[in-house]
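What follows is a single structure, written as C-alpha cells, with notes after it.
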Amino acid sequence: MTIGIDKIGFATSQYVLKLEELAQARGQKIEKYTTGLMLDALSITPITEDIVTLAASAAQTILTDDDKAAIDMVIVATESGIDQSKAASVYVHQLLGIQPFARSVEMKEACYAGTAGLNYAKLHVEKNPDRKALVIASDIAKYGIASAGEATQGAGAVAMLVTSNPRIATFSDDNVAQTRDIYDFWRPNYSTTPFVDGIYSTKQYLDSLKTTWAEYQKRHQANLEDFAAFCFHLPYPKLALKGLKKIMPKGLDESFKSHLTNHFEASIQYSRKVGNIYTGSLYLGLLSLLENSQTLQAGDKIGLFSYGSGAVSEIFSLYLVDGFKEMLRSDRAADLEKRSALSIGAYEKLFYEEANLTEEGNAKFDTYDTGTFALEHIQNHQRIYVRKEHD
Ligand code: CAA
C-alpha cells in the first residue's frame, strides 16, 4: 500500500497589489522586486477573508461528498491563526460539512507546520487505510506598511487530501528534520505583525538547507541527480533560487542543471503572483511545478525543502504516480488574473483594517469580495462565518 497526496486545492484572495504600484509608492525600482526578489504581485485580503475562509475555500475546490464521509482528520497549519484556543480546523470542519467523528487540530511552527501536518496525516492513514486526512496550510503574511518585508506579503491556502493509493504522489520514508532555536522571524502574542531580522533569516534559511541536505545525503546516500525537481519554501522565489544553487554540486552536468532550473521556474509561477503564503508556500510551489511543467512523468522523484523560522526545517521526497496530470488543473493562472487590482491607498486600508469591536464584542464589516466563504460579523466575540449563496 502507498500513502500520499491524492488531491491538491488552492485558494487566494480576490484582490491583488501589483508590485509596480508598491515600487512607485515606496520610491523603489520595480526591478528590485521583479529581479531582486522575483515577485510580481501580492494577494491582499479584506477583513472578511481570513485563514479559515481561505482554508475552507481551498478544500472546497477538491472535496466530493464521498471524501467528506471518509475524512476523519482535519489539520490546519498556520502562523496567522485567529484564536489562541479554538483550532481553525474546527470551523473548517463545520463549513465543509465533514462527517462528525473526526479529529480537528491546528498546528504551528512558522512556515514549517504544513509539513508536520502531512507527517501526522501519513501516520494516521497508515493505521487506517480506508480513511482520509485533510491537511490545509493557510496563512496571511502581513509585515506592515513600508516595512522591509512589505514586498513579500501575500495570502492563500493549499489543501491536500492524504489517502492510501493516492493519485498525485506517494510519500517516501526519507524525511530528515532539523531544529535550531533562533530569532530570525517571530510574532509575540501582543503584536499583529512579525519581528524580522531579515538578512539573518535568509542566512538561516540557506544554512538550514545546506546542513539538512548534507544530513539527508549522508543518511540516504542521495545525489541531486536522483531528483527530477526540487521544491523549496518560497518566502520570495529569489531566496529559493539561491537555495537551489547552493545544493547544486560543482561539475553538475549542464543539461541536468538546466532541467532542474526549468523545473524551478515552473515551481515559482504562482508564488510570483501571490507572494508569501507562509505554511502553504512550499506546497503552492509543488502545485505550480506539477501544473506548469511539461516534462515531469510518473515515477519522477521530487525533493521538498520545508523551512519555518524559529527554526525547523525538513527535506523529504515524493514520487509522482501514473495519471497525476488528471488530478490537476491547467487554467489556474487565469483565476489569478481575475483578482481586482488595488491602488496603494486601497491596499493600505483593506489589508490593515482591524475589527472595531463594541463593548459587547460585536463588529460589523463592509461587504468585500471573498472566495466561497466569508467572515460575516463578530457577535459576542464569536466569529460568524457564512457560505456565500452564489457558490
Ligand atoms: N535591480 C535588481 N535587483 C535589485 C535592485 C535593482 N534595482 N535593487 C535591489 N536588488 C536586489 C538586491 O541586490 C537583493 O538581491 P540579493 O539578495 O541577490 O543581493 C534583493 O534585490 C533584495 O534587496 P535587499 O536585500 O536590499 O532587500 P530588502 O532590504 O528589501 O530586504 C529581505 C530583503 C530582508 C528579504 C526583506 O524582504 C525581508 O525582511 N523579508 C521578510 C523576511 C524573509 O522573507 N526572510 C526569508 C527567510 S525566513 C523564512 O523563509 C520564513 C518566512 O517565510 C518569513
Side-chain angles (χ1 to χ4, degrees), residues 17 19-20 22-43 51 77-80 108-116 137-158 178-188 191-212 231-246 264 267-268 270-272 274-285 304-315:
L17 176 66
L19 286 182
E20 291 95 339
L22 187 68
Q24 205 171 20
R26 303 292 178 249
Q28 297 287 348
K29 293 212 168 74
I30 182 62
E31 293 78 18
K32 173 170 177 180
Y33 300 149
T34 53
T35 311
L37 302 173
M38 297 174 82
L39 283 169
D40 302 318
L42 312 175
S43 278
I51 60 126
T78 186
E79 57 177 306
S80 43
K108 180 179 71 182
E109 174 14 55
C111 305
Y112 164 76
T115 304
S138 184
D139 267 307
I140 297 174
K142 207 178 267 190
Y143 286 91
I145 294 170
S147 62
E150 187 178 29
T152 69
Q153 299 176 120
V158 177
Q178 177 178 176
T179 296
R180 44 175 77 172
D181 183 5
I182 53 165
Y183 271 112
D184 60 333
F185 170 108
W186 67 106
R187 184 162 72 82
S191 180
T192 54
T193 52
F195 294 87
V196 191
D197 193 341
I199 299 299
Y200 177 63
S201 74
T202 62
K203 289 189 173 146
Q204 286 295 329
Y205 173 106
L206 293 172
D207 191 64
S208 293
L209 169 61
K210 188 175 103 183
T211 50
T212 309
C231 293
F232 299 84
H233 168 52
L234 295 166
Y236 54 94
K238 177 74 175 292
L239 184 59
L241 181 59
K242 288 184 185 181
L244 175 63
K245 288 181 179 162
K246 207 169 222 3
F264 176 80
S267 77
I268 64 169
Y270 299 156
S271 294
R272 281 195 81 111
V274 169
N276 190 359
I277 59 166
Y278 289 160
T279 47
S281 80
L282 168 63
Y283 300 100
L284 185 58
L304 293 99
F305 171 63
S306 184
Y307 178 82
S309 289
V312 178
S313 51
E314 187 159 324
I315 291 178

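Counting starts at 1 for both ligands and their atoms, in listed order.
In this structure, atom 34 (C) of ligand 1 is in close contact with the protein, since a protein heavy atom lies within 4.0 Å of it. Contact annotation for atom 28 (P) of ligand 1: protein present (non-hydrogen atoms, distance under 4.0 Å). By the definition of a contact as any protein heavy atom under 4.0 Å away, atom 13 (O) of ligand 1 is not in contact.
For ligand 1, the atoms closer than 4.0 angstrom to any heavy atom of Leu239 are 46 (C), 47 (C). Remark: ligand 1 atoms within the under-4.0 Å shell around heavy atoms of Cys111 are 51 (C), 52 (C), 53 (O). Heavy-atom proximity to Gly198, at under 4.0 Å, picks out these atoms of ligand 1: 34 (C), 39 (O). Taking every non-hydrogen atom of Ser309 and a distance limit under 4.0 Å, the qualifying atoms of ligand 1 come out as 48 (S), 49 (C), 51 (C). Near Thr152, with a cut-off below 4.0 Å to any heavy atom, the atoms of ligand 1 are 37 (O), 40 (N), 41 (C). Listed by atom number, the atoms of ligand 1 under 4.0 Å from Tyr205 heavy atoms are 50 (O). Per-residue contacts place Tyr236 under 4.0 angstrom from the following atoms of ligand 1 (heavy atoms of the residue considered): 35 (C), 44 (O). Numbered from 1 in the order shown, with element, the atoms of ligand 1 that lie under 4.0 Å from a heavy atom of Phe185 read 54 (C).
Distance from atom 22 (C) of ligand 1 to its nearest protein heavy atom, with residue and atom name: Leu37 CD2, 4.0 Å. If you check which protein heavy atom lies closest to atom 21 (O) of ligand 1, you get Gly36 CA, 3.1 Å. Counting protein heavy atoms only, atom 31 (O) of ligand 1 is closest to Ala148 O, 4.6 Å. Ranking the protein heavy atoms by distance from atom 44 (O) of ligand 1 puts Pro235 CB, 3.5 Å first. The protein heavy-atom contact nearest to atom 42 (C) of ligand 1 is Val196 CG1, 3.6 Å. Looking only at protein heavy atoms, the nearest one to atom 25 (O) of ligand 1 is Ile199 CD1, 4.3 Å. Atom 38 (C) of ligand 1 has as its closest protein heavy atom Gly149 CA, 3.8 Å. The nearest protein atom to atom 1 (N) of ligand 1, hydrogens excluded, is given as Glu31 CB, 3.4 Å; this is a heavy-atom distance.
In this structure, Lys29 NZ and Thr34 OG1 are separated by 12.0 Å, a value rounded to the nearest 0.5 Å. Atoms CG and CZ, on Leu244 and Phe264 in that order, are 6.5 Å from each other to the nearest 0.5 Å. In this structure, the separation between OH on Tyr307 and CD on Glu109 is 8.5 Å, given to the nearest 0.5 Å.
With hydrogens and angles ignored, the 3.5 Å screen pairs no side-chain donor or acceptor of Ser191 with any backbone N or O of Arg187. Between the side chain of Asp184 and the backbone N or O of Tyr200, no donor-acceptor pair lies under 3.5 Å. A donor-acceptor pair under 3.5 Å is absent between the side-chain atoms of Ser271 and the main chain of Ile268, judged by distance alone.
Residue His233 is tested with Ser306, Ser313, Ser281 for a side-chain contact (heavy atoms from CB on, under 4.5 Å); the sole match is Ser281. Among Leu19, Asp40, Thr35, the one residue that satisfies the side-chain contact (heavy atoms from CB on, under 4.5 Å) test with Ile30 is Leu19. Shown are Ile277, Thr279, Leu282; of these, the side-chain contact (heavy atoms from CB on, under 4.5 Å) with Val158 is made only by Ile277.
By the side-chain contact (heavy atoms from CB on, under 4.5 Å) test, Ala116 is found to be paired with Met107, Tyr112, residues two or more places apart in sequence or in another chain being considered. Partners of Tyr143 under the ring-ring contact (aromatic ring centres under 6.0 Å, His included) rule, at least two apart in sequence or in another chain, are Phe185.
Ligand 1 lies within reach of Tyr143, whose nearest heavy atom is under 4.0 Å from it.
Looking at Cys111 and Tyr205, their side chains never come closer than 4.5 Å, going by heavy atoms from C-beta outward.
At most 12 heavy atoms of other shown residues, nucleotides or ligands fall within 6.0 angstrom of atom OH in Tyr183.
Judged by distance alone, the side chains of Thr152 and Asn276 never bring a donor and an acceptor atom under 3.5 Å apart.
With distances taken over non-hydrogen atoms, the option nearest atom 52 (C) of ligand 1 out of Lys242, Arg26, His233, Lys238 is His233. Across Glu79, Met38, Lys32, heavy-atom proximity to atom 30 (O) of ligand 1 is greatest for Lys32.
Residue-level proximity to ligand 1 for Ser201 is carried by backbone and side chain together, each with a heavy atom below 4.0 angstrom.
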